Amino acid sequence: MAEYTIGMLLQYEKKLKLLMKNEKEELWDRKIEVGELNGKTMLVMGVGAIGGEVARLGKAFGMKTMGMNRSGKPVESIDHLYDLDHLLEAIPGADYIVSVLPSTDETKGLLQKEHFKAMKESAVFVNIGRGDLINGEVLIEALDAGELSHAILDVFDPEPLGKGHPFWRMENVTVTPHLSSKSGEYLPRTFAIFEKNMREYQRAGKDFTNVIDLSRGY
């Protein structure tokens, strides 16, 4: 998921969609201006294991990092950390807003109109967490109003994204079908965790990997 995120950020900065389109048209155009991740600021909403890795890879590209979590406890690879109540303070300084948040009562519909209004007009929103973080119509209105530049969406509410949905046709939206976590290594790693946890359970241990807190919902 972290590789997917950085890959999408690079695609956006390097204008790869436009370059591929020009290739099909056999148009050699060196006037296309491409950007860099270096020096850009990324806000990671939900700096757990996945969000922390997104931030670490971002730092490798010279990015500045902000993070948001429930506790406000420091996280490695995060320059500035905010808790959930101070999200509006962090958003205006971000070039990229990446959500890795789970779906809980606290996060459903978390991003509202005021959050998109607070974004830079050049900002890019990336959602690899859960689709119910936002209302799709709110995001469409914000994009149409130019309150942000682009949205990269891998998750939706509901899924799959319905045929004829505006996201499919919008030039300032990139849609992928909930595949940010998919690779050939997904199942082998999953079974390795399951085996480790089963052996721990059989010996009545408590050192489990990826423990779910049912009271939090993740």
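Since this is a predicted model, take the numbers as computed values, not measurements.
Taking the six-membered ring where the residue is Trp, F125 and F116 present perpendicular rings, their angle passing 60° and hence far from 30°.
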Decide salt bridge (Lys or Arg N to Asp or Glu O under 4.0 Å) for K40 and E36; before the verdict, give the C-alpha distance in whole Å, the side-chain angles of both, and the deciding distance to 0.1 Å. CA-CA 8 Å; K40 299 287 174 62; E36 298 180 358; over 6 Å; no

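Within 6.0 Å of atom CD1 in I212, 12 or fewer heavy atoms from other residues, nucleotides or ligands are found, so the atom counts as exposed in its surroundings. Other residues, nucleotides and ligands contribute at most 12 non-hydrogen atoms within 6.0 Å of the CZ atom of F194. Q202 CD: more than 12 foreign heavy atoms inside a 6.0 Å radius. Around OH of Y218, the count of heavy atoms belonging to other residues, nucleotides or ligands within 6.0 Å exceeds 12. Surrounding NZ of K117 are at most 12 heavy atoms belonging to other residues, nucleotides or ligands under 6.0 Å away. Around CD of E200, the count of heavy atoms belonging to other residues, nucleotides or ligands within 6.0 Å exceeds 12. In E25, the CD atom is crowded: over 12 heavy atoms of neighbouring residues, nucleotides or ligands sit closer than 6.0 Å.
Remark: the backbone N or O of L110 is not paired with any side-chain donor or acceptor of T107 at under 3.5 angstrom. For H115 (side chain) and Q112 (main-chain N/O), a donor-acceptor pair under 3.5 Å exists by modelled atom type. A distance-only check finds a donor-acceptor pair linking the side chain of W168 to the backbone of G162 [under 3.5 Å]. In this structure, the side chain of D154 engages the main chain of L179 through a donor-acceptor pair within 3.5 Å. Using modelled atom types, one side-chain atom of N197 and one backbone atom of T209 make a donor-acceptor pair closer than 3.5 Å. With D105 contributing its side chain and K108 its backbone, the two residues share no donor-acceptor pair below 3.5 Å.
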Identify every side-chain donor-acceptor pair in residues 46-58 under 3.5 Å, counting partners at least two apart or on other chains, and give the distances.
unit_1, atom_1, unit_2, atom_2, d
E53, OE1, R56, NE, 2.9
E53, OE2, R56, NE, 3.4
E53, OE2, R56, NH2, 2.7

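Closest of all the heavy-atom pairs between A151 and L139 is CB-CD2, 4.2 Å. Closest approach of Y12 to Y96, counting heavy atoms only: CD2-OH, 3.3 Å. Scanning both residues, E13 and L37, for their nearest heavy atoms gives CG-CD2, 3.6 Å. Here the closest heavy-atom approach between residue K14 and residue L19 is recorded as O-CD1, 3.3 Å.
When the ring-ring contact (aromatic ring centres under 6.0 Å, His included) test is applied to H80, no partner is found at least two apart in sequence or on another chain. Applying the side chain to side chain donor-acceptor pair (under 3.5 Å) rule to E159 yields the partners H178; only residues at least two apart in sequence or on another chain are considered.
V98 and L10 fall within the same hydrophobic cluster, defined by Ile, Leu, Val, Met, Phe, Trp and Tyr side-chain heavy atoms under 4.5 Å apart, directly or through other members. Residues L133 and F167 share a hydrophobic cluster, clusters being chains of Ile/Leu/Val/Met/Phe/Trp/Tyr side chains in contact below 4.5 Å.
The side chain to side chain contact (heavy atoms under 4.5 Å, CB included) test with L43 singles out one residue from M66, K64, M119, and that residue is M66.
For D157 and R130, the salt-bridge test fails: no basic side-chain N is under 4.0 Å from an acidic carboxylate O.
Atoms OG1 and CE, from T65 and M42 in turn, are 6.5 Å apart once rounded to the nearest 0.5 Å.
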